[in-house]
There are 2 protein chains.
Amino acid sequence: MDELDRRILNRLQSDGRCSYADLGRLVGLSVTAVKERLDKLQRNDVLRRYSIIVDEKKVGYGVLAFVFIGIDDPEDCAAFERQMLEIPQVQECHHVTGGFNYLLKVIANDMSRLEDLLLQRIKLPGVVSRSETTIVFSSPKNSPFVDCVANGA
Amino acid sequence: MDELDRRILNRLQSDGRCSYADLGRLVGLSVTAVKERLDKLQRNDVLRRYSIIVDEKKVGYGVLAFVFIGIDDPEDCAAFERQMLEIPQVQECHHVTGGFNYLLKVIANDMSRLEDLLLQRIKLPGVVSRSETTIVFSSPKNSPFVDCVANGA
DNA sequence: AGTGAAAGATGTCCGAA
DNA sequence: TTCGGACATCTTTCACT
């Protein structure tokens with residue numbers, strides 16, 4: 001992974017359809033060289049996948065929330081994680097430091113749906129002992145962009 | 001936006017390079033009809049952009065953290081938001097409910113870089129009065145996938 | 001690791017229903 | 001909105017440096 005790979009990855013994050021020819025012009029390589037580099041980056045799972053970015057609000061998810069989860073018995077953690085993997089509205093589930101065990105990023109159609117989701121599928125009885133929900137008013141910044149260039153490595 | 005659009009958006013999220021022909025077969029439409037729908041979804045900003053998903057760890061970001069920020073003077077909020085927009089390592093900045101004002105999602109090369117980032121560019125003197133940082137050990141789930149189908153709308 | 005050229009697949013534009 | 005066809009562009013492979 002050199003500077004050229006990083007520039008290519010940055011470009012594709014902002015335009016996933018940028019052609020090999022355009023990428024080549026950007027970094028000064030031929031079409032074939034660019035493709036070879038991307039194939040290798042994909043084999044090494046640096047490039048996980050090509051995708052699109054969808055506006056959550058416009059497809060019906062009006063509410064975004066972060067939920068801290070406390071689990072007293074460490075034996076329950078595996079089951080909890082399995083459950084989180086199955087709920088599409090749970091976009092992220094992080095194992096974290098601090099007074100709680102997990103931090104979830106959750107999207108829902110509206111407050112009422114979020115309430116249902118938390119009560120029925122997330123705060124599992126006998127597993128989740130405590131939780132703390134933070135609702136997002138608005139997001140001045142919400143972009144999955146990973147800057148591969150502005151990176152000390 | 002109907003069921004067909006939603007199925008197309010879901011497919012493109014998991015494979016951003018899926019061809020119009022394949023998408024057409026998936027939903028029972030012609031190449032042209034699929035393109036026309038996607039053009040419209042993009043004009044309406046439902047489809048924000050095509051992109052790629054990069055492994056943060058593999059490009060050098062070994063640390064992920066969530067940082068709550070408290071700002072006492074509401075007049076300082078605009079300046080704070082402007083600053084967050086300029087820091088690539090701040091992936092998300094949410095205005096939130098609860099005891100703090102903002103919740104940030106931050107990536108950094110290592111703990112030392114995170115420390116520098118927080119002290120020098122995020123906890124602005126005279127603006128940020130309190131902060132609370134939660135470090136992520138691991139992420140059982142960390143996918144920007146927005147399920148457009150499993151959606152009551 | 002890099003290149004150019006050829007072949008096949010895909011994106012894009014058009015006129016029509 | 002949808003379709004099929006024609007043309008331009010892109011992806012992919014190959015032989016070679």
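The chains referred to below are lettered A, B, ... by the order of the sequence lines, with proteins before strands, and numbering in each begins at 1.
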Rounded to the nearest 0.5 Å, how far does OG of A:S19 lie from NZ of A:K35?
13.5 Å
Checking contacts here: which listed nucleotide (D:dT11, C:dA1, C:dG11) is nearest the side-chain heavy atoms of A:K40?
C:dA1
Nearest of D:dT1, D:dT12, C:dT3 to any side-chain atom of B:R37?
D:dT1
In whole Å, what is the span from the CZ atom of A:R25 to the C1' atom of D:dT9?
11 Å
For the residue pair B:F137 and A:H94, is the inter-centroid distance of their aromatic rings smaller than 6.0 Å?
no
Euclidean distance, B:C148 SG relative to B:L9 CG, rounded to 0.5 Å
4.5 Å
Ionic contact status for B:R43 with B:E36, cut-off 4.0 Å:
yes
Taking only N and O in the side chain of A:K35, is any of them less than 4.0 Å away from OP1 or OP2 of D:dT12?
yes
Tell me the interatomic distance from B:L38, atom CG, to D:dT1, atom P, rounded to whole angstroms.
13 Å
Does the ring center of A:Y102 lie less than 6.0 Å from the ring center of A:F80?
yes
Can you tell me how far C1' of C:dG11 sits from CG of B:L12, to the nearest Å?
14 Å
A:D39 CG to C:dA1 P, in whole Å, measures 14 Å
Go through D:dT2, D:dT11, C:dG11 for me and flag the one nearest to the A:S19 side chain.
D:dT11
Among C:dT12, C:dT3, D:dT2, the one nearest B:E36 by side-chain distance
D:dT2
Find the distance A:R43:CZ to C:dA1:P and express it as a whole number of Å.
11 Å
Given C:dT12, D:dG4, D:dT12, the nucleotide with the shortest approach to the side chain of B:V31
C:dT12
Examine D:dT11: is either OP1 or OP2 under 4.0 Å from a nitrogen or oxygen in the side chain of B:R17? Give yes or no.
yes
Quickly work out the B:L23 CG to C:dT10 C1' distance and round it to whole Å.
12 Å
Which one, D:dT1, D:dT13, D:dG5, comes nearest to the side chain of A:T32?
D:dT13
Is there a side-chain contact between B:Y20 and the phosphate of C:dA9, meaning an N or O under 4.0 Å from OP1 or OP2?
no
B:L4 CG - D:dT2 P separation (whole Å):
8 Å
